[in-house]
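Below, chains carry the letters A, B, ... as their sequence lines are ordered, and counting in each starts from 1.
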Amino acid sequence: MRHVHTTTPAANQMLLEGALALSEIEQTGWRIDKGYLDATILEVENRIKEVDQSIRNDPSFVKWRSRYGTNANVASANQIAKLVFGDLGYVCSVRTDRGDRESASKKAMEDIDLPIVKNYLLGNKLRKLHGTYLMGIRREMVEHHGIWLVHPNFNLNTVVTFRSSANAPNVQNMYKREPEYANTLRRCFIPRPGQQFVETDLASAEVKMAANYTLDPVAIKECLDPKADPHKDTAAKLFCMTREEVSKMARFHAKNSFVFAQFYGDYYVNCAKNLWSAIQDLTVNDSEETILQRLAKNGITELGEAPEEGEPRQGTYMAQVRKVEKWYWEKKYKVHTQWKRDWYANYKNDGGIMMKTGFAINGSYSKNDIINYPIQGSSFHQLLWSLPRINAAFRKFKMKSRVIGEVHDSVDVDAPPSERDDVIEVIKQIMTKDLVKAWPWLVVPPVIEAECCPVDRPFADLVGLKEELDGSWVPADLAKWKVKFGNWVLKS
DNA sequence: GCCATCGGCGCG
DNA sequence: AAAGCGCGCCGATGGC
């Protein structure tokens, strides 16, 4: 039986109310520290000049110039690829997306120990910071009653999964993972005078939403058990270790290069390659033994190659990751695997899919797309449903706090310190209690995590909070807070 | 000078 | 069958 899927009235209403909420959020805007921004732009421009000059002073630049003459451009990916992999004879293992050229990406060149390459990659990085982020903010900045603001656009009509996107400037992709760049950029954003930033996140939103779709009992149990650490279990399998032998780094790479990759539909060949390069310098936890030695003890001495057909050769890391992949999908999460098969078969039959949140997607998509879209979209819809209600609650309680932005599974608020705990409480009530009542199909309920900055401090100073028994929220690491910012003020 | 495309890279 | 999903944005490049 063929079903033609149509977005439900409830989902359309969510979209409209969400658009209104995002419109309010846009009008509120983000305050900018103009003095800091201007000074930092000059500083970064000077650093770029220095880096560019050291490229031009490099002995290898003679070859670069003889190839390109006056067109030699120290910022050209194509040109440095020709220099490094052509003139200098290095072997490139990464191709561009179309596969017709040698790549000059970080991944392709980070292991090349040449000053000119290091400086090229540094220049790239600084140009991104300067052009995309700092200048992007300055271009969008407007003055309002003596305060400088940007008003980023939040779009609900652009993304295939019915997620949001943001632009002008895009505040959904600001540096976060690298402290140095995160600090430099996030110092641009400051709260309104006397206020502070509060941020709440949905913990593991997509993993939980996947369990809500697949109803895999193993996944559900892990989501509901705060002591479960499935990434550690997977790391132990991947690296032939006990759970105790899994270090933080080993767990990190298992999570990012295997679990998440597999989750989005990658396969063992890519995972094995990425894991193999990640573990080259790692050791077994609390031990001198390297992971490579551990694998060798288990008969694995090389990465190996992707087989043309059939299974990878025994004794290679490819074969090991293939084995873990089979265990992962055919044994551990076999219900999830069956769901993927059924979900895709239904799509092939219907020509579209229906999300549990009421949004329909029709058209021609790959298997990976069809499996990922409902999970990505529905995770965000938890937030979309909540945003107008958060705005309404702030109004109802006559609060001065304002939502200023949203990053798919997190909400950013500019709040007076007296309202800090109330802000978190309001969001917690809506996103973890009201929402579960409205959507009874949520077998894995959402959980909120919270962070905040000190009063009058920029976004760079976000610190994790934990909830006390009395319902107040305090820094998870009070000692660290005290060293950085002085005494923690409960309520002011 | 304008436009479209590509490579590259930031975030969830 | 396909081979990790979704975005926005910059600078380089090449055609007009």
Side-chain angles (χ1 to χ4, degrees), chain A residues 48 68 71-81 94-110 120-121 123-137 139-140 152-178 181-182 185-186 201-202 204-207 209-210 256-274 306 325 340-341 344-345 347-348 361 364-380 383 405-410:
Chain A
I48 291 171
Y68 292 102
N71 289 327
N73 180 350
V74 296
S76 165
N78 196 23
Q79 290 185 14
I80 193 161
V94 184
R95 313 291 296 181
T96 58
D97 271 353
R98 283 193 309 186
D100 59 343
R101 272 192 272 168
E102 286 159 324
S103 166
S105 64
K106 187 177 162 209
K107 197 172 183 311
M109 303 203 302
E110 64 190 344
Y120 168 79
L121 290 174
N124 250 3
K125 192 106 186 154
L126 292 171
R127 255 180 280 275
K128 176 123 183 154
L129 171 63
H130 176 263
T132 299
Y133 294 104
L134 299 174
M135 294 303 280
I137 294 167
R139 187 173 55 244
E140 299 298 335
N153 300 314
F154 289 93
N155 316 297
L156 279 180
N157 61 334
T158 54
V159 183
V160 62
T161 61
F162 296 96
R163 244 201 196 178
S164 66
S165 74
N167 70 304
N170 183 357
V171 286
Q172 291 181 327
N173 70 348
M174 296 189 308
Y175 291 106
K176 183 162 194 180
R177 298 164 191 168
E178 293 167 285
Y181 287 87
L185 177 60
R186 287 170 179 252
D201 292 76
L202 284 171
S204 309
E206 287 202 17
V207 171
M209 189 51 73
N256 288 305
S257 294
F258 185 86
V259 177
F260 285 165
Q262 289 280 333
F263 191 80
Y264 289 129
D266 204 354
Y267 75 138
Y268 74 95
V269 172
N270 283 335
C271 295
K273 282 183 192 161
N274 291 335
E325 182 185 69
K340 288 197 284 193
R341 274 198 281 271
Y344 186 59
Y347 161 73
K348 292 302 271 185
I361 297 178
S364 175
Y365 299 98
S366 73
K367 181 175 180 184
N368 281 344
D369 288 345
I370 283 305
I371 288 162
N372 290 326
Y373 286 175
I375 297 167
Q376 182 186 103
S378 303
S379 301
F380 169 69
L383 201 125
E406 152 268 306
V407 193
H408 312 306
D409 65 357
S410 67

Please produce a list of atom pairs where a protein N or O lies less than 3.5 Å from an N or O of nucleotides 1-3 of chain C.
none

Please report the distance, rounded to the nearest Å, between [atom1] in [X] and [atom2] in [N].
{"X": "A:Leu126", "N": "B:dG8", "atom1": "CG", "atom2": "P", "result": "18 Å"}
{"X": "A:Glu102", "N": "B:dG8", "atom1": "CD", "atom2": "P", "result": "11 Å"}
{"X": "A:Arg127", "N": "B:dG10", "atom1": "CZ", "atom2": "P", "result": "14 Å"}
{"X": "A:Asn170", "N": "C:dC7", "atom1": "CG", "atom2": "C1'", "result": "7 Å"}
{"X": "A:Lys125", "N": "C:dC10", "atom1": "NZ", "atom2": "P", "result": "17 Å"}
{"X": "A:Phe380", "N": "C:dC7", "atom1": "CZ", "atom2": "P", "result": "13 Å"}
{"X": "A:Met174", "N": "C:dC9", "atom1": "CE", "atom2": "P", "result": "14 Å"}
{"X": "A:His130", "N": "B:dC9", "atom1": "NE2", "atom2": "C1'", "result": "17 Å"}

Decide if atom CG of A:Asp100 counts as having more than 12 heavy atoms of other residues, nucleotides or ligands within a radius under 6.0 Å.
->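 Yes.
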Donor-acceptor check, side chain of [X] to backbone of [Y], threshold 3.5 angstrom: yes or no?
{"X": "A:Arg101", "Y": "A:Ala81", "answer": "no"}
{"X": "A:Asn372", "Y": "A:Tyr264", "answer": "yes"}
{"X": "A:Glu102", "Y": "A:Val94", "answer": "no"}
{"X": "A:Glu325", "Y": "A:Tyr268", "answer": "yes"}

Under 3.5 Å, which protein N or O atoms sit close to an N or O of nucleotides 13-16 of chain C? Give each pair with its distance.
residue	atom	partner	partner atom	Å
C:dT13	OP1	A:Ser76	OG	2.6

Distance-only donor-acceptor test, A:Gln376 side-chain atoms vs C:dC5 base atoms, 3.5 Å =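 Per atom types, the contact qualifies.
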Quiz item: A:Lys128 side-chain donor-acceptor pair to C:dC10 base, under 3.5 Å |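 Between C:dC10 and A:Lys128, which were checked side chain against base, a qualifying N/O pair under 3.5 Å is absent.
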Counting only side-chain heavy atoms from C-beta out, which of [options] sits nearest to [X]?
{"X": "A:Asn124", "options": "C:dA12, C:dG6, B:dG8", "result": "B:dG8"}
{"X": "A:Tyr264", "options": "B:dG8, C:dG11, C:dC5", "result": "C:dC5"}
{"X": "A:Asp100", "options": "B:dG12, B:dG7, C:dC10", "result": "B:dG7"}
{"X": "A:Tyr373", "options": "B:dG12, C:dC5, B:dC9", "result": "C:dC5"}
{"X": "A:Asn173", "options": "C:dG11, C:dG8, C:dC5", "result": "C:dG8"}
{"X": "A:His408", "options": "C:dG11, C:dG8, C:dG6", "result": "C:dG6"}
{"X": "A:Asp369", "options": "B:dG12, C:dC5, C:dC9", "result": "C:dC5"}

Per-nucleotide pairing state of DNA chain C [Watson-Crick or G-U, under 3.5 Å; [ ] pseudoknot-crossing; | other strand] = ....||||||||||||
Is any side-chain N or O of [X] closer than 4.0 Å to OP1 or OP2 of [N]?
{"X": "A:Arg163", "N": "C:dC5", "value": "no"}
{"X": "A:Lys176", "N": "B:dG12", "value": "yes"}
{"X": "A:Thr96", "N": "B:dG7", "value": "yes"}
{"X": "A:Ser165", "N": "C:dG6", "value": "no"}
{"X": "A:Arg98", "N": "B:dG7", "value": "yes"}

Between A:Arg163 and A:Glu206, is there a salt bridge with N-O shorter than 4.0 Å?
->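 Looking at A:Glu206 and A:Arg163, the cut-off is met.
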Might you work through the side-chain hydrogen bond (donor to acceptor under 3.5 Å, both in side chains) test for A:Glu110 and A:Ser105, ending with a clear yes or no?
-> CA-CA 8 Å; A:Glu110 64 190 344; A:Ser105 64; over 6 Å; no
Of A:Asn155, A:Asn157, A:Asn173, which meets side-chain hydrogen bond (donor to acceptor under 3.5 Å, both in side chains) against A:Ser165?
->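 Exactly one candidate clears the test, A:Asn155.
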Assign [X] to base, sugar-phosphate, or nothing according to its heavy-atom contacts below 4.0 angstrom with the strands shown.
{"X": "A:Arg139", "result": "sugar-phosphate"}
{"X": "A:Ala205", "result": "nothing"}
{"X": "A:Ser103", "result": "sugar-phosphate"}
{"X": "A:Val269", "result": "nothing"}

Closest non-hydrogen atom pair, A:Cys271 against A:Gln262 |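 Scanning both residues, the minimum pair turns out to be SG-NE2, 3.6 Å.
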Measure across A:Asp369 and A:Pro374 and return the closest heavy-atom pair with its distance rounded to 0.1 Å.
->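 In this case the closest contact between A:Asp369 and A:Pro374 is O-CD, 4.5 Å.
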Angle class for the A:Tyr365/A:Tyr347 ring planes (parallel below 30°, perpendicular above 60°, tilted otherwise)?
->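 Correct class here is tilted.
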Would you call A:Val269 and A:Lys273 a side-chain contact if the rule is heavy atoms closer than 4.5 Å?
->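 Touching, per the 4.5 Å side-chain cut-off.
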So, do A:Tyr68 and A:Asn73 sit near enough that their side-chain heavy atoms are less than 4.5 Å apart?
->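 When only atoms from C-beta onward are counted, A:Asn73 and A:Tyr68 do not touch, as no gap falls below 4.5 Å.
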Are A:Tyr175 and A:Tyr133 an aromatic pair by the rule of ring centers under 6.0 Å?
->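 Under 6.0 Å, so yes.
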